[in-house]
Amino acid sequence: MLKDFKPVLGILLRFIVVYVVLLLAYQFYLNEFAQLGLDLFSRFVAKQVMDVQNFMVYPTQLYDDIKGEQVYFKVKDVYATRMVEGCNAVSVMILFASFVFAFYKGRKTFFFVLGGIVLLYVMNVLRIVGLNIVMTDHKQYGKVAHDFIFPAAIYGTVVILWLLWIKFFALKK
């Protein structure tokens, strides 16, 4: 009977191992910045959000809160939002990569994961830009945008990428 479940158990085991390894590596990375404020990757995302918003003529400045491990976005002279480590979408990228590696298909797995992470990164920057615009120009929709609309966009992208991976790569012989 266990023989029938062997492929499923193999996929599940690969998912768990990759997920735990990536999560532990990320936690180790975060521990290096525990007393220094927001980690470098999150700060890089915040800077790119600022650059995009400035390009879109939404004058933006960043203000550090080292003790609070966050960065505030001041957009059009209004403190629109703040960025914390959870806003950088790394946990979403780890979940995405773990699922794809669970259905490992050689070299193309690495290329798909890399491409997917780049797409998720861009989507995340645009998500934060969108949230800052909503919080600056339409604050009354801020909670709905933050809690439902923008998470649906980023997680929806993950699901679409997973479906593409399964349909066009993982199930191909």
TODO: Report the C-alpha separation of L120 and N124 in whole Å, then their side-chain angles, then the decisive distance to 0.1 Å, and conclude whether the side chain to side chain contact (heavy atoms under 4.5 Å, CB included) test is met.
DONE: CA-CA 6 Å; L120 289 171; N124 189 53; over 6 Å; no

Open item on the list: Could you tell me if Y26 and E85 have a donor-acceptor pair between their side chains, going purely by distance under 3.5 Å?
Closed with: yes

Open item on the list: Assigning hydrophobic clusters by single linkage (Ile, Leu, Val, Met, Phe, Trp, Tyr; side-chain heavy-atom cutoff under 4.5 Å), is L12 placed with L22?
Closed with: yes

TODO: Working to the nearest 0.5 Å, report the span between CZ of R107 and CZ of F110.
DONE: 11.0 Å

Open item on the list: If I take atom OH from residue Y19 and atom CZ from residue F99, how far apart are they, to the nearest 0.5 angstrom?
Closed with: 14.5 Å

Open item on the list: Once rounded to the nearest 0.5 Å, what's the spacing between atom CE of M83 and atom CD1 of I128?
Closed with: 4.5 Å

TODO: Check step by step if side chain to side chain contact (heavy atoms under 4.5 Å, CB included) holds for Q27 and L30.
DONE: CA-CA 5 Å; Q27 190 58 53; L30 288 177; 4.2 Å; yes

Task: Minimal non-hydrogen separation, L164 against F169, with atom names - done: O-CD1, 3.9 Å

Open item on the list: Between Y58 and D137, do the side chains contain a donor N or O and an acceptor N or O under 3.5 Å apart?
Closed with: yes

Task: Residues that, via side-chain heavy atoms closer than 4.5 angstrom, fall in one hydrophobic cluster with M135 - done: L131, V134, Y141, F150

TODO: Show your working on side chain to side chain contact (heavy atoms under 4.5 Å, CB included) between F15 and L95 and close with a plain yes or no.
DONE: CA-CA 9 Å; F15 173 83; L95 187 64; 3.9 Å; yes

Open item on the list: Could you walk me through whether Y79 and F73 satisfy the side chain to side chain contact (heavy atoms under 4.5 Å, CB included) test, starting with their C-alpha distance in whole Å, then the side-chain angles of each, then the deciding distance to 0.1 Å, before giving a yes or no?
Closed with: CA-CA 6 Å; Y79 286 99; F73 291 100; over 6 Å; no

Task: Under 3.5 Å donor-acceptor, N54 side chain and M50 backbone - done: yes

Open item on the list: Any side-chain to backbone donor/acceptor pair from N88 onto F41? Under 3.5 Å, distance only.
Closed with: no

- [ ] Over all heavy atoms of both residues, which pair between V129 and Q53 is shortest? Give the atoms and the distance, please.
- [x] CA-OE1, 3.5 Å

Task: Y155 reachable from V113 in the ILVMFWY side-chain graph, under 4.5 Å edges - done: yes

TODO: Verify, without hydrogens or angle tests, whether S42 (side chain) and L38 (backbone) share a donor-acceptor contact under 3.5 angstrom.
DONE: no

TODO: Run the salt-bridge test on R82 and D65 with the 4.0 Å N-O cut-off and return the result as yes or no.
DONE: no

Open item on the list: Any non-hydrogen side-chain atom of K105 less than 4.5 Å from a side-chain atom of F112?
Closed with: no

Open item on the list: Looking at R43 and G37, would you say the former's side chain and the latter's main chain have a donor-acceptor pair under 3.5 Å?
Closed with: no

Open item on the list: What's the separation between atom CD1 in I154 and atom OH in Y121, rounded to the nearest 0.5 Å?
Closed with: 11.5 Å

Task: Distance (rounded to the nearest 0.5 Å) between F96 CZ and T157 OG1 - done: 10.5 Å

TODO: Spell out, yes or no, whether I160 and I166 are grouped together once hydrophobic residues are joined by side-chain heavy atoms under 4.5 Å, including indirect joins.
DONE: yes

Task: Side chains of Y72 and Q61, donor plus acceptor under 3.5 Å - done: no

TODO: Considering non-hydrogen atoms only, spot the tightest contact between A46 and V71 and give its length.
DONE: CB-CG1, 4.5 Å

Open item on the list: With no hydrogens and no angle check, just 3.5 Å: does a side-chain donor-acceptor pair link D39 and Y29?
Closed with: yes

- [ ] Write down the atom of I11, the atom of A102, and the distance for their closest heavy-atom approach.
- [x] O-CB, 3.5 Å

TODO: Please answer: with hydrophobic residues joined when any side-chain heavy atoms are less than 4.5 Å apart, are V122 and V92 in the same cluster?
DONE: no

- [ ] Measure across A145 and P151 and return the closest heavy-atom pair with its distance rounded to 0.1 Å.
- [x] O-CD, 3.7 Å

Open item on the list: Just verifying a value: how many Å separate I133 CD1 and T81 OG1, rounded to the nearest 0.5 Å?
Closed with: 11.0 Å

Task: Within one Ile-Leu-Val-Met-Phe-Trp-Tyr cluster: L114 and F103, side-chain cutoff 4.5 Å - done: no

